[in-house]
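The basis for the numbers below is simple: all heavy atoms, side chains too, and nothing from hydrogens, waters or symmetry mates.
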Amino acid sequence: MGDEVWGAISQLHQLRSLSFHSMTIFTFDGIMEYISNLRQTNYGIHLSIMNAIAESRLSPHEQTIIKATIEKKVNGRFSFVQYRDRKSVV
């Protein structure tokens, strides 16, 4: 799942919690565009991306920008977890 979903999800103006637990490949620009489309009716939204694959890795700086932007725009929260293959964990 990638940035192509943001357009449709942006139409959900009452959404307050959005969690992705599937494998995702979102970009910094895609997430920021989604946040820019949030409205006050999305106040307090919690956006969680829980299985981002390596190709969509967000730097700590990008994560900080996303967190600050969503907090400032709608008092929201952002959680990000990189996918880890169980085989690679010893």
Side-chain angles (χ1 to χ4, degrees):
M1 182 178 309
D3 287 339
E4 68 277 356
V5 303
W6 294 125
I9 293 172
S10 292
Q11 302 305 308
L12 303 172
H13 303 298
Q14 301 298 323
L15 195 63
R16 301 276 175 83
S17 179
L18 178 58
S19 297
F20 294 96
H21 292 272
S22 62
M23 303 291 274
T24 58
I25 187 164
F26 296 129
T27 64
F28 173 76
D29 290 338
I31 296 168
M32 291 298 289
E33 183 173 342
Y34 170 69
I35 293 170
S36 74
N37 289 316
L38 292 174
R39 299 180 179 187
Q40 284 305 304
T41 53
N42 298 115
Y43 189 83
I45 191 169
H46 185 188
L47 172 59
S48 301
I49 300 172
M50 304 310 293
N51 279 309
I53 64 173
E55 291 81 3
S56 68
R57 176 178 219 126
L58 296 174
S59 72
H61 180 66
E62 289 172 326
Q63 291 178 51
T64 299
I65 292 170
I66 292 169
K67 287 177 184 179
T69 304
I70 198 169
E71 183 176 341
K72 182 177 181 180
K73 175 114 180 165
V74 291
N75 196 36
R77 294 180 296 151
F78 176 69
S79 302
F80 182 80
V81 177
Q82 189 78 32
Y83 171 75
R84 293 186 185 192
D85 186 353
R86 285 183 171 200
K87 297 176 207 169
S88 65
V89 178
V90 179

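Judged as a side chain to side chain contact (heavy atoms under 4.5 Å, CB included), and not counting sequence neighbours, the contacts of R57 are Q82. Legend: residues meeting ring pair (Phe, Tyr, Trp, His ring centres under 6.0 Å) with F26, ordered by chain and number and at least two apart, are W6, F20. For S22, the side chain to side chain contact (heavy atoms under 4.5 Å, CB included) partners are M1, T24, not counting sequence neighbours. Residues passing the side chain to side chain contact (heavy atoms under 4.5 Å, CB included) test with T27, sequence neighbours excluded: D3, D29. Shown here are the side chain to side chain contact (heavy atoms under 4.5 Å, CB included) partners of T69, two or more places apart in sequence or in another chain: M32, I35, I65.
Formation of a donor-acceptor pair under 3.5 Å by the R16 side chain with backbone atoms of T41 is found in this model. A donor-acceptor pair under 3.5 Å is formed between the side chain of N51 and the backbone N or O of H21. Without hydrogens or angle criteria, E33 side chain to I31 main chain gives no donor-acceptor distance under 3.5 Å. The backbone N or O of L58 lies less than 3.5 Å from a partner atom in the side chain of Q63, making a donor-acceptor pair. A side-chain donor-acceptor contact under 3.5 Å links N42 to the backbone of H13. A distance-only check finds a donor-acceptor pair linking the side chain of E62 to the backbone of S59 [under 3.5 Å].
Hydrophobic clustering of Ile, Leu, Val, Met, Phe, Trp and Tyr side chains at less than 4.5 Å, counting indirect connections, keeps Y83 apart from I66. Hydrophobic clustering (side-chain heavy atoms under 4.5 Å, transitive across Ile, Leu, Val, Met, Phe, Trp, Tyr) keeps V5 apart from M23.
With values rounded to the nearest 0.5 angstrom, E4 atom CD is found 9.5 Å from I25 atom CD1. Going from atom OG of S48 over to atom CZ of F78 covers 8.5 Å, rounded to the nearest 0.5 Å. Between atom CG of residue L47 and atom CG of residue L15 there is a gap of 9.0 Å, rounded to the nearest 0.5 Å.
Counting non-hydrogen atoms of neighbouring residues, nucleotides and ligands closer than 6.0 angstrom, the CZ atom of R77 reaches no more than 12 such neighbours.
Cluster partners of M50, using a side-chain heavy-atom cutoff of under 4.5 Å among ILVMFWY residues and allowing indirect links, are V81.
Between L18 and H46 there is no side-chain heavy-atom pair separated by less than 4.5 Å.
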